[in-house]
Amino acid sequence: MKNIVLSERLGAVAGLVKSAASVCDIGTDHGFVPIYLINSGACKKALAMDINEGPLERADEHIREYGLQDKIETRLSNGMEKLQAGEAEAIVCAGMGGLLMKRILEDGRPREKGVKRMVLQPQSDLRLFREYLRRERFFIEDEAEIFEEGKYYVAMSVRVSDDDNNDLYDRAIRELGDVSEADAIRICDRFGPSLILKKDEILKNYLAHEKEILEGILLKLSENEHTERMHDIMDKINDITIVLSM
């Protein structure tokens with residue numbers, strides 16, 4: 001049987017898994033990602049978890065359709081709650097807000113459960129989410145920027161570390177050149193160290209689009225009424241300009 005065809009976004013997520021003995025897909029919905037990972041040889045066994053019974057029933061149907069009942073287990077779980085220590089070398093968590101994903105990781109304690117790598121695709125609050133990862137020594141190793149059906153998405157491969165070797169951030173900070181370390185860290189949190197280093201074309205398209213929108217908003221604001229917001233927008237435009245000029 002042919003492998004399942006994933007959307008651009010989920011294809012990028014699955015592509016970042018690369019290879020793992022066992023994978024847990026959190027918020028699996030239709031179960032397509034673990035099916036793809038098993039059939040492509042990226043992993044040998046998988047857990048497909050969701051907080052709702054309906055999606056798990058759909059995932060079960062798809063798993064049976066592909067004859068993978070012996071390799072993919074479905075499990076009703078609030079985030080990582082039902083994941084036991086040692087069950088998954090890698091986790092996948094995609095398609096939910098960054099703050100919700102942060103809470104799932106905080107409550108789930110992936111380091112204590114033996115998780116070595118995470119592939120994450122937060123839909124919002126990327127700067128705060130990357131800042132959280134960096135603070136917790138969950139170090140980004142690779143990122144993909146995706147443009148699908150008029151929207152931009154970011155997926156990231158993250159190493160669960162026991163050291164302080166944040167190599168990607170260190171390299172990106174050096175690449176950003178003549179800006180302070182604090183400013184460079186903020187820019188990396190905002191736009192992604194891997195994407196900055198790769199000079200990613202889809203990221204550049206997103207930044208050019210975002211800069212145009214922000215400049216339009218700036219023109220409509222009254223300085224007297226929106227001083228703080230104006231400063232925030234100008235700071236972001238400045239960060240975008242630095243990355244686009246690389």
Side-chain angles (χ1 to χ4, degrees), residues 2-20 23-43 46 48 50 55 59 62 90-102 104-105 117-134 138-159 168-169 171-172 175 187-214 236 239-240 243-244 246:
K2 292 194 302 183
N3 204 355
I4 206 158
V5 177
L6 298 177
S7 66
E8 288 281 334
R9 177 178 67 86
L10 291 181
V13 169
L16 286 173
V17 173
K18 294 185 172 38
S19 177
V23 173
C24 177
D25 184 23
I26 299 161
T28 194
D29 194 15
H30 36 47
F32 289 163
V33 169
I35 290 170
Y36 180 92
L37 293 175
I38 292 289
N39 278 347
S40 66
C43 70
D50 207 283
H62 294 136
I91 65 169
V92 171
C93 191
M96 59 190 75
L99 297 183
L100 172 58
M101 197 173 291
K102 173 177 175 287
I104 287 172
L105 296 181
R117 288 188 294 117
M118 305 185 290
V119 175
L120 309 170
Q121 190 267 300
Q123 302 275 61
S124 60
D125 300 294
L126 288 174
R127 178 183 169 186
L128 291 174
F129 188 71
R130 287 193 185 98
E131 182 182 337
Y132 161 75
L133 293 177
R134 177 170 50 80
F138 298 150
F139 294 148
I140 295 170
E141 293 192 318
D142 196 8
E143 294 171 291
E145 182 96 17
I146 309 106
F147 183 68
E148 181 181 75
E149 296 183 353
K151 294 182 180 180
Y152 290 92
Y153 302 95
V154 174
M156 52 190 75
S157 175
V158 177
R159 171 173 55 95
L168 206 63
Y169 264 79
R171 286 163 50 205
E175 187 74 16
I187 292 170
C188 287
D189 285 343
R190 180 167 267 161
F191 305 128
S194 175
L195 297 170
I196 290 170
L197 282 168
K198 289 190 284 190
K199 298 179 171 59
D200 187 89
E201 286 300 320
I202 301 177
L203 173 66
K204 288 183 178 181
N205 292 340
Y206 164 73
L207 293 180
H209 176 70
E210 187 75 359
K211 185 170 183 277
E212 184 178 343
I213 290 173
L214 292 171
K236 189 169 185 181
D239 288 349
I240 289 172
V243 176
L244 288 175
M246 291 175 64

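Reckoned from all heavy atoms, side chains included, excluding hydrogens, waters and symmetry mates. Throughout, numbering of the chain's residues begins at 1 and tracks the sequence.
For the pair Tyr132 and Phe138, the minimum side-chain heavy-atom distance is below 4.5 Å. Contact of the Leu207 side chain with the Phe191 side chain is registered, since non-hydrogen atoms from C-beta on lie closer than 4.5 Å. Between Leu105 and Ile91, some side-chain heavy-atom pair lies under the 4.5 Å cut-off. Contact annotation: the side chain of Leu133 approaches that of Leu120 to within less than 4.5 Å [non-hydrogen atoms, C-beta and beyond]. Residues His209 and Phe147 form no side-chain contact, since every pair of their non-hydrogen atoms from C-beta on lies 4.5 Å or further apart. Between Val23 and Val119, every side-chain heavy-atom pair lies at or beyond the 4.5 Å cut-off.
In this structure, Gln121 CD and Leu10 CG are separated by 7.5 Å, a value rounded to the nearest 0.5 Å. Leu126 CG to Tyr153 OH: the interatomic distance, rounded to the nearest 0.5 Å, is 12.0 Å. To the nearest 0.5 Å, atoms OG (Ser194) and CD (Glu145) are separated by 11.0 Å. Between the CD1 atom in Ile240 and the CD atom in Glu212 there is a gap of 11.5 Å [rounded to 0.5 Å]. Separating the CZ atom in Phe129 from the CD atom in Gln123 is a distance of 11.5 Å, to the nearest 0.5 Å. Atom OG of Ser157 sits about 14.0 Å away from atom CZ of Phe139, to the nearest 0.5 Å.
A salt bridge is defined here as a Lys NZ or Arg NE, NH1 or NH2 lying under 4.0 Å from an Asp or Glu carboxylate O, and Asp142 with Arg117 fails to meet this definition. For the pair Glu143 and Arg130, the salt-bridge criterion is met [side-chain N within less than 4.0 Å of a carboxylate O].
None of Val92, Thr28, Asn39 except one satisfies the side chain to side chain contact (heavy atoms under 4.5 Å, CB included) rule with Pro34; the exception is Thr28.
Taking every heavy atom of both residues into account, Ala12 and Ala144 meet most closely at CB-CB, 4.3 Å. Asp29 and Asp50 get closest at one heavy-atom pair: N-OD2, 3.0 Å. Nearest heavy-atom pair across Gly27 and Met96 is CA-CE, 4.5 Å. Here the closest non-hydrogen pair linking Arg190 and Asp239 is NH1-OD2, 2.5 Å. Shown here for Ala14 and Leu37, the closest heavy-atom pair between the two residues is O-CD2, 3.8 Å. Closest approach of Tyr169 to Pro193, counting heavy atoms only: CE1-CG, 3.6 Å.
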(request) Using the salt bridge (Lys or Arg N to Asp or Glu O under 4.0 Å) rule, take Lys199 and Glu175 through it: C-alpha gap first, then chi angles, then the decisive distance, then the call. (result) CA-CA 11 Å; Lys199 298 179 171 59; Glu175 187 74 16; 2.9 Å; yes
(message) What verdict does the side chain to side chain contact (heavy atoms under 4.5 Å, CB included) test give for Asn205 and Tyr152, after you've listed the backbone C-alpha separation in whole Å, the side-chain angles of each residue and the deciding distance to 0.1 Å?
(response) CA-CA 10 Å; Asn205 292 340; Tyr152 290 92; 3.7 Å; yes
(request) Under the side chain to side chain contact (heavy atoms under 4.5 Å, CB included) rule, what do Lys151 and Arg9 come out as? Steps first, then yes or no, please. (result) CA-CA 10 Å; Lys151 294 182 180 180; Arg9 177 178 67 86; over 6 Å; no
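Surrounding CD of Glu8 are at most 12 heavy atoms belonging to other residues, nucleotides or ligands under 6.0 Å away. Taking a 6.0 Å sphere around OH of Tyr36, one finds it holds 12 or fewer heavy atoms contributed by other residues, nucleotides or ligands.
In terms of the ring pair (Phe, Tyr, Trp, His ring centres under 6.0 Å) criterion, residue partners of His30 (sequence neighbours excluded) are, by chain and number, Phe32.
The backbone N or O of Leu128 sits nowhere less than 3.5 Å from a side-chain atom of Asp125 that would complete a donor-acceptor pair.
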